[in-house]
Amino acid sequence: MENIALEDVTKLMSRGINSLVHDALRVSAGNPGFARFLLKSVLWQKRAAGRRARFEKKGLHVPAFMICSITGRCNLRCKGCYAHREFGGVPDELPASRWLSLWQEARDLGVSFILVAGGEPFVRLNVVDAIRDVPEIIFPVFTNGLLLRDETLARLSGVRNLIPVISLEGFQHETDDRRGEGVYKRLEETIDRLAANKSFFGVSLTVTEANANIVTSDEFIGEVVAAGCRLFFFVEYVPVQEGTDDLVLSDPLRTMLRKRVAELRESYPALFVAFPGDEEEMMPRGRPWVCSCQPRG
Ligand code: SF4
């Protein structure tokens, strides 16, 4: 990858994004509102790719993806979370107006996707609200899901470029063990609410040695797809917390994960993205990203 010219990298990224948007169209067949948004998005993404290519020719590399951590605050206290320790006490969060202007600048440069993380992004509803004003960019918002109540969904209704991505660790036992008792049940309610609302939404799964077989099983994936989820992020566990090395995927499970993701893509009407791995196609110059809900210590 290091030897590829910047122009080639830009083309490669644009191809990855195009296939992602086309795949999203394929799996949104039962959701006409989102499918209409995606059709518009295909044109926007084409324009964005053109802008990136023009900047590239002038020597400015514009990434197709950005990650914005909009807060360190969170309503949960999960095991192994770094957000509170590193950012929780930070009082000087950027105001919503600044986030909006940053996102507009990103759009004008040709950025296609902005991954919004925290802490818990929905503690800053006024920032999340600004997503509606940048419809050209798709915003997966990584959330613990507990603040997605009826009134929040009503407020964000029609903001098709916002894709909630809810963190799960597996079924009830795995999720409650890390996130707290009762969380899984409440997330089931959130997922039902999103499905009833006809939202396009996803889940983010931190894959460890302990849960790899569970989160890739037909039983788990089938249940979450049946609940209406159309997007899965598999994020390999990164050990930052001391004494958690045993959670890192062993080579056999890492191989199994790659194989299963390929099989799942063929078997279910949903998008499956794995990190690290897929960023080589979609964002080859970026480092593997870590969402707020990935345990880092
Ligand atoms: S892991 Fe995510 S949901 Fe849990 S406390 Fe940390 S930021 Fe909040």
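Each ligand, and each atom within it, is numbered from 1 in the order the structure gives. Note that the structure is a prediction, hence the values are computed from the model and not measured.
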With atoms numbered from 1 as shown, which atoms in ligand 1 lie under 4.0 angstrom from a non-hydrogen atom of [X]?
X: Arg179; value: 3 (S), 4 (Fe)
X: Asn144; value: 3 (S)
X: Leu76; value: 5 (S)
X: Cys74; value: 3 (S), 5 (S), 7 (S), 8 (Fe)
X: Gly119; value: 7 (S)
X: Cys81; value: 1 (S), 5 (S), 6 (Fe), 7 (S)

Under 4.0 Å between a side-chain nitrogen and a carboxylate oxygen: does that hold for [X] and [Y]?
X: Glu136; Y: Lys40; value: no
X: Glu263; Y: Lys259; value: yes
X: Asp176; Y: Arg179; value: no

If you measure from CD on Glu219 to CD1 on Ile221, what distance do you get to the nearest 0.5 Å? 11.0 Å
What residues form a side-chain contact (heavy atoms from CB on, under 4.5 Å) with Asn213, not counting sequence neighbours? Leu253, Met256
Does Gly118 have a non-hydrogen atom less than 4.0 Å from ligand 1? no
Would you kindly specify which portion of Glu120 sits under 4.0 Å from ligand 1, judged on non-hydrogen atoms: side chain, backbone, both or neither? neither
Just checking: Cys78, one of its N/O/S atoms, less than 2.8 Å away from atom 6 (Fe) of ligand 1, yes or no? no
So, do Phe272 and Leu231 sit near enough that their side-chain heavy atoms are less than 4.5 Å apart? no
Throw together a table of side-chain donor-acceptor distances under 3.5 angstrom for residues 188-195, partners on residues two or more places apart or in other chains.
from	atom 1	to	atom 2	distance (Å)
Glu188	OE1	Lys185	NZ	3.3
Thr190	OG1	Gly145	O	3.1
Thr190	OG1	Arg186	O	3.2
Arg193	NH1	Leu148	O	2.7

Min over Arg77, Arg178, Arg73 of heavy-atom distance to atom 1 (S) of ligand 1 lands on Arg178
